[in-house]
Asks: 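Pasting a structure here, questions to come.
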Protein chains: 2
Amino acid sequence: MLKLSKKADYGLMALQHIASNQYGDVAHARVVNTKEIAEEYHIPVELLAKVLQTLSKSGIIESHNGPKGGYLLGKNPREITIARVLESLEGPLGIMDCAHEKDGDACMQREHCNIRTPLLKIQSSIYQLLNSMTLQDMLGGTPLITIQSVATEQQGVER
Amino acid sequence: MLKLSKKADYGLMALQHIASNQYGDVAHARVVNTKEIAEEYHIPVELLAKVLQTLSKSGIIESHNGPKGGYLLGKNPREITIARVLESLEGPLGIMDCAHEKDGDACMQREHCNIRTPLLKIQSSIYQLLNSMTLQDMLGGTPLITIQSVATEQQGVER
DNA sequence: ATAGTCTCCGACTAAATGAGTCGCACAAAA
DNA sequence: TTTTGTGCGACTCATTTAGTCGGAGACTAT
């Protein structure tokens, strides 16, 4: 229950990847393209492309066309909240159907609905949670910290 | 995104209804049957029936056969957590596919997966949230506009 | 006892959504 | 101007969810 879509998964992976190439201890930002990410994580390219396009439209990343093109973060990782990313890819958070209804088009059971208020409360708590976590937080959590010790000897990193 | 299924909605509504008939200000418990609930909230009877059967199997409610039969809560509303109800109807909470995987059958991107850990953390937070809220809390929330004025008789409000 | 309700349960169909594919237009660097 | 990449929309296929149907068994009232 409450599962995220693949798009969301892929999007988060890609962002994590882009971010660590851009803000890692490698001194200069590196543009990373769709194909590279798709291969690294075994994601179908076309699907990932669509995901990245969506993120780009939302301003979370910026696209650069042409050869040597690819994607870069549109903002600092600290300013990119998980909530924002998920909303961009899956639409607004809505625990129940009637989450954002205007008073007009209510669901069939609205008039006697006894669970709307408590569910809205839960929803708001979840939103707060997602909104308080940023891409930066996801960066910290990965192996990646160990890079410090072996930083000297590899930059290209392909298996 | 993160929408609950209709089954979950219906289940919660039904539970709320059953609970308020059983623990409401009417002194004695009243058995309520599927048809009654279905009509009250405009839910297809057969579907609601299935939902109630599921809840019954989980021990959340008890069924009583025959004429004058129907359902009663299996436990005190304070002991019925939202998490339990949702799990019963929608299966275990799993933000991502690989939430409960054994090490064997990992997803395709598992080896390089960089988002599993932070997502598990989010998931656990959500679970905590759902597990800390009980049917009792949903009962209190219904009349709800008047709560501010009658703040004297708060009972369960934990946080 | 027996008739009439009511729960119980599994199998089924239909609708909605999600995952993934294809093909081509457009942009920019070399 | 050619190459390499993004941008974008329409499309198919798979999975899940919502809702339906029909009948077996349980219980109570009469």
Side-chain angles (χ1 to χ4, degrees), chain A residues 1-11 13-14 18 30-39 41-72 74 86 88-92 94-97 107-109, chain B residues 1-11 13-14 18 30-39 41-72 74 86 88-92 94-97 107-109:
Chain A
M1 92 203 213
L2 290 184
K3 205 176 62 179
L4 291 175
S5 69
K6 292 282 181 202
K7 284 185 191 176
D9 290 351
Y10 296 161
M13 286 186 206
I18 294 172
R30 196 171 78 79
V31 182
V32 18
N33 67 17
T34 308
K35 196 180 161 202
E36 172 184 333
I37 303 178
E39 283 173 357
Y41 301 99
H42 305 96
I43 303 172
V45 245
E46 301 88 352
L47 185 52
L48 179 62
K50 240 169 44 174
V51 167
L52 292 177
Q53 285 157 26
T54 305
L55 291 176
S56 166
K57 247 187 248 174
S58 304
I60 295 171
I61 54 180
E62 336 181 305
S63 75
H64 294 270
N65 275 350
K68 301 270 181 186
Y71 292 98
L72 282 176
L86 295 184
S88 166
L89 293 171
E90 299 200 332
I95 288 293
M96 60 274 194
D97 313 346
C107 62
M108 205 46 52
Q109 36 270 126
Chain B
M1 96 205 211
L2 290 184
K3 205 176 65 178
L4 291 176
S5 70
K6 292 283 181 201
K7 284 186 190 175
D9 290 352
Y10 296 161
M13 285 185 205
I18 293 172
R30 196 169 80 79
V31 182
V32 18
N33 66 19
T34 308
K35 194 181 161 200
E36 173 185 332
I37 303 177
E39 283 175 356
Y41 301 100
H42 304 97
I43 303 172
V45 244
E46 302 88 351
L47 185 53
L48 179 61
K50 239 168 49 175
V51 168
L52 293 178
Q53 284 157 27
T54 305
L55 291 176
S56 166
K57 248 187 245 171
S58 304
I60 295 171
I61 54 179
E62 343 181 300
S63 75
H64 293 271
N65 274 349
K68 302 269 180 185
Y71 291 98
L72 281 177
L86 295 183
S88 165
L89 292 170
E90 297 200 333
I95 288 294
M96 60 274 195
D97 313 347
C107 63
M108 206 47 50
Q109 34 271 126

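None of these values were measured; they are calculated from a predicted model. Chain letters run A, B, ... following the sequence lines, proteins first, then strands; residues in each count from 1.
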Asks: Hey, are the side chains of A/Y10 and A/L52 touching, using non-hydrogen atoms and a 4.5 Å cut-off?
Replies: no
Asks: Touch check for A/K57, heavy atoms < 4.0 angstrom, all strands: base, sugar-phosphate only, or nothing?
Replies: sugar-phosphate
Asks: For nucleotides 19-30 of chain C, read 5' to 3', which letter fits each nucleotide if B means a protein heavy atom sits under 4.0 Å from the base, S means only the sugar-phosphate is that close, and - means neither?
Replies: SBB-----SBS-
Asks: Find the distance A/K35:NZ to D/dT6:P and express it as a whole number of Å.
Replies: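 Spelled out: NZ on A/K35 to P on D/dT6 is 10 Å.
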Asks: Separation of B/M1 atom CE from C/dG18 atom P, in whole Å?
Replies: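 One finds 12 Å between P of C/dG18 and CE of B/M1, rounded.
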Asks: Give me the atom names and distance for the closest heavy-atom approach of A/I95 to A/L2.
Replies: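 The pair with the smallest heavy-atom distance is CD1-CD2, 4.3 Å.
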Asks: In whole angstrom, what separates B/E90's CD from D/dT16's P?
Replies: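 Going from CD in B/E90 over to P in D/dT16 covers 13 Å.
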Asks: What pair of heavy atoms forms the shortest contact from B/I37 to B/I18, and how long is it?
Replies: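 Heavy atoms only, the tightest pair is CD1-CG1, 4.0 Å.
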Asks: Mind calculating the distance between CD (A/E36) and P (D/dT6) to the nearest angstrom?
Replies: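 From A/E36 CD to D/dT6 P: 10 Å.
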Asks: Counting only side-chain N and O atoms of B/T34, is one of them less than 4.0 Å from OP1 or OP2 of C/dT7?
Replies: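 True: B/T34 side-chain N/O within range (under 4.0 Å) of C/dT7 OP1/OP2.
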Asks: In this structure, how many angstroms lie between the P atom of D/dA24 and the CD atom of B/Q53, rounded?
Replies: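 Atom-to-atom, B/Q53 to D/dA24, this comes out as 16 Å.
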Asks: If you compare all heavy atoms of A/V45 against all heavy atoms of A/A38, which two are closest, and at what distance to 0.1 Å?
Replies: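 Minimum heavy-atom separation between A/V45 and A/A38: CG1-CB, 3.6 Å.
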Asks: What are the two closest heavy atoms between B/S88 and B/L55, and how far apart are they?
Replies: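 Scanning both residues completely, I find the closest heavy atoms to be OG-CD2, 3.8 Å.
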Asks: Rounding to an integer number of Å, can you tell me how far B/H42 NE2 sits from D/dA18 C1'?
Replies: 18 Å
Asks: What integer distance in Å separates B/L72:CG from C/dC6:P?
Replies: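 Distance check: B/L72 CG to C/dC6 P gives 16 Å.
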Asks: Taking all heavy atoms of A/E90 and all of A/A8, pick out the closest pair and write down the distance.
Replies: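 Looking at all heavy atoms of both residues, the shortest contact is OE2-CB, 3.6 Å.
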Asks: Between B/L52 (CG) and C/dC9 (P), how many Å, whole number?
Replies: 13 Å
